[in-house]
Amino acid sequence: MYAPPVQRLITEFGKLPGIGQRTAQRLAFHVLRASDEDANALADAIREVKLRIGLCEVCFNLSDGPRCRICEDGRRDGAIICVVEEPGDVIPVERTHEFRGLYHVLGGALSPIDGVDPEDLRIAELFTRVAAGGIGEVVLATNPTTTGEATALHIADQLRERSPDVTVTRLASGLPVGADLEYADEVTLGKAFSGRTSL
Ligand SMILES: [Zn+2]
């Protein structure tokens, strides 16, 4: 129906989350209408982000160096670690201003049906960080979904065995069930943070 380069662009846009076939077509036609400068700026931005952004060697958050800005920030409280599923979950927690500790990004949630087992996430790396000492509390801020809850329970069980002196907490309920942290408003998320409970 379209010339192969146009079809290729539509196919690529269609792989983006929340983008259906019609939206993919609209985006492709938008790029075709755009100036060479704007279209190249988009292509360059995608290329550069893949080239320059990697994962922090400590917390696995996105970073443009070996360590992310939060891990490098000496004013952060290194005795408390907030565990989230995805790098995108760090931003909403930061926006609440309720948390001044460090993060640990798992890279997903446990879901045996989808073949996501503990070794597919950065769970062992979390245990190593906690075992290294100096950690007083681990806040489990995985999403209030079935997989997020299962992940929180798994980590809490393991931490109780491996590091019994460390307090393990979970965000207070009040977050919309089944929703992603990413979409929680900052007041609700802030309250969930300050009202977190021991697991
Ligand atoms: Zn980091």
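Counting starts at 1 for both ligands and their atoms, following the listed order.
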**Study point:** N, O or S atoms of the protein lying under 2.8 Å from the Zn ion (ligand 1)
**Key:**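 Listed by chain and number: Cys56 SG, Cys59 SG, Cys68 SG, Cys71 SG.
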Point to revise | Presence of salt bridge, Glu12 and Lys15, under 4.0 angstrom | key: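 Yes.
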Review point. Stepwise, does the side chain to side chain donor-acceptor pair (under 3.5 Å) test hold for His104 with Arg129?
Key: CA-CA 9 Å; His104 191 89; Arg129 269 180 92 180; 3.1 Å; yes
Exercise for review: Test Arg196 against Phe99 for side chain to side chain contact (heavy atoms under 4.5 Å, CB included), laying out the working first.
Suggested key: CA-CA 12 Å; Arg196 63 188 186 271; Phe99 183 69; 5.8 Å; no
**Study point:** Of all pairs that satisfy salt bridge (charged side-chain N to carboxylate O under 4.0 Å, His left out), the ones with a partner from residues 31-41, not counting sequence neighbours
**Key:**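 Found none.
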Point to revise | Ring centres under 6.0 angstrom apart (Phe13, Phe29) | key: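 That pair fails the under 6.0 Å test.
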Practice item. Could you walk me through whether Val83 and Val138 pass the side chain to side chain contact (heavy atoms under 4.5 Å, CB included) test, one step at a time? Key: CA-CA 7 Å; Val83 177; Val138 174; 3.6 Å; yes
